Protein chains: 2
Amino acid sequence: MAKDEADLHVERWRDHWVLDKGFDDDVEAMTVRIGNIFKWFKLTTKEAVARVGLQDFEYETLHALMIRDTPGRASPGELAQEMGVSNAGVTGRLDSMEKKGWLKRMPGAEDRRRVEVEATREGLRLWREAMDLRGSAEDDVVTVLSKEELATLNRLLKKMTLYVEARQASGD
Amino acid sequence: MAKDEADLHVERWRDHWVLDKGFDDDVEAMTVRIGNIFKWFKLTTKEAVARVGLQDFEYETLHALMIRDTPGRASPGELAQEMGVSNAGVTGRLDSMEKKGWLKRMPGAEDRRRVEVEATREGLRLWREAMDLRGSAEDDVVTVLSKEELATLNRLLKKMTLYVEARQASGD
DNA sequence: AGAAGGTTATTCGGCAGCGAAATATTCGTC
DNA sequence: GACGAATATTTCGCTGCCGAATAACCTTCT
């Protein structure tokens, strides 16, 4: 079977002077592969987002708004946490996106310190359009796997995510 | 088996109004899992990098310098391409890192438009230290998989990376 | 040889995001 | 019910990065 970048990477480093300690080939290769696949998804998403005329951070904000328990609505603070962006950063995003009419801010109902952010019809439309393009690109990659292989992949990945999520919940 | 975030995500969206088109549960879950694992690796790397007293972009630059065919040396343009950063951005990084003594710039030998960037002994030392911590965190996650499972995972991931790399090489 | 065109790195102006401080509102307690 | 602590958001100054323009250099063609 042909070599991929991860194979080349591992070969290049094995016994090379740059590293003073050894490393596990399989772990290193797996890490590189996960990274490369992720970056590919990120790139195709970027292209999809650009095609519908959104900036990256605008799509990300709409996306964060949609993947919530309460899709389409959130407070700035929640968005900040879920996007891994500072509160100040969210304020900036909301300012520009509200101006463009893709979401609107409303004063919190019972707690007036809060602000309710809601996607507009137009914001939702653009996000859906980008999601559709994005999904096609992902489906495309997955065609190289059989249904059983995809199931196996998910089973193994899930073992890892369960562990990671446990670590996040406790230690952090 | 317990549910992970990807399971919850898929359940939440199935037949929800936010999406107008359906999506493949397994593909969506796989994408989310890859993303979450990648982000975990990124986070642990960030912690490792912070512990040795490097900023993210400083580690990334040293790393780009080390994973090359010619480890420890490169031109700014090459680094820009490999890091996915603009040439201007690289100039800024090199300015500050050279000032701190982690790398040095030298005029290109036969082509004097070029600049040769070289990591210093101290830069190499810090990068190695961060790499060591980073590697431990990755090994840690992988302990949830048996040796055979890791091999299977790599086989499936490699199917995808080979496809992705072919796409990158041709279409882009 | 000399001009034209391409390549490589840097400078410049602008923007998104961060951390800290400021502001506005609510909660807790006496 | 009033005062201080807690919470939610925004404002402010700064940093890192990008795209475009610039400077220095190489190559090719005539």
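Throughout, protein chains are lettered first and strands after them, A, B, ... in sequence-line order, and every chain is numbered starting at 1. Please read these numbers as outputs of a predicted model, since none were measured by experiment. We use all heavy atoms of the structure for the numbers below, so side chains are in, but hydrogens, waters and symmetry mates are not.
Between B/W17 and A/L124, the closest side-chain pair of non-hydrogen atoms falls below 4.5 Å. Side-chain contact between B/V49 and B/E58 is absent, with no heavy-atom pair separated by less than 4.5 Å.
For B/R51 and B/E47, the salt-bridge test fails: no basic side-chain N is under 4.0 Å from an acidic carboxylate O. Between B/K100 and B/E122, no side-chain nitrogen of the basic residue sits less than 4.0 Å from a carboxylate oxygen of the acidic one, so the salt-bridge criterion is not met. A salt bridge does not link B/R14 with B/E28: every distance from a Lys NZ or Arg NE/NH1/NH2 to an Asp or Glu carboxylate oxygen is 4.0 Å or more.
Using a 4.0 Å heavy-atom cutoff across all strands shown, B/G77 reaches sugar-phosphate atoms only and no base atom. Within the 4.0 angstrom heavy-atom criterion, no nucleotide atom of any strand lies near B/S96. In this structure, A/V85 reaches the sugar-phosphate backbone alone: every heavy-atom distance under 4.0 Å involves primed, P, OP1 or OP2 atoms, never a base.
Both A/E60 and B/E78 lie near DNA chain C, and the one whose nearest nucleotide falls closer to the 5' end is B/E78.
Residues of residues 104-120 of chain B having a heavy atom closer than 4.0 Å to DNA chain C, listed by number: B/R105, B/R113, B/R114, B/V115.
What separates CE of B/M97 from P of D/dG16 is a distance of 12 Å, to the nearest Å. In this structure, B/M83 places its CE atom 8 Å from P of D/dC17, rounding to the nearest Å. Here the P atom of nucleotide C/dT11 and the CZ atom of B/R93 are 17 Å apart, to the nearest Å.
Checking each of A/L156, A/L157, A/L153 against B/R33 for a side-chain contact (heavy atoms from CB on, under 4.5 Å) leaves exactly one that passes, namely A/L157.
Here the nucleotide nearest the side chain of B/P76, chosen from C/dA20, C/dT11, C/dA9, is C/dA9.
For D/dG16, the OP1/OP2 oxygens have a side-chain nitrogen or oxygen of B/Q55 closer than 4.0 Å.
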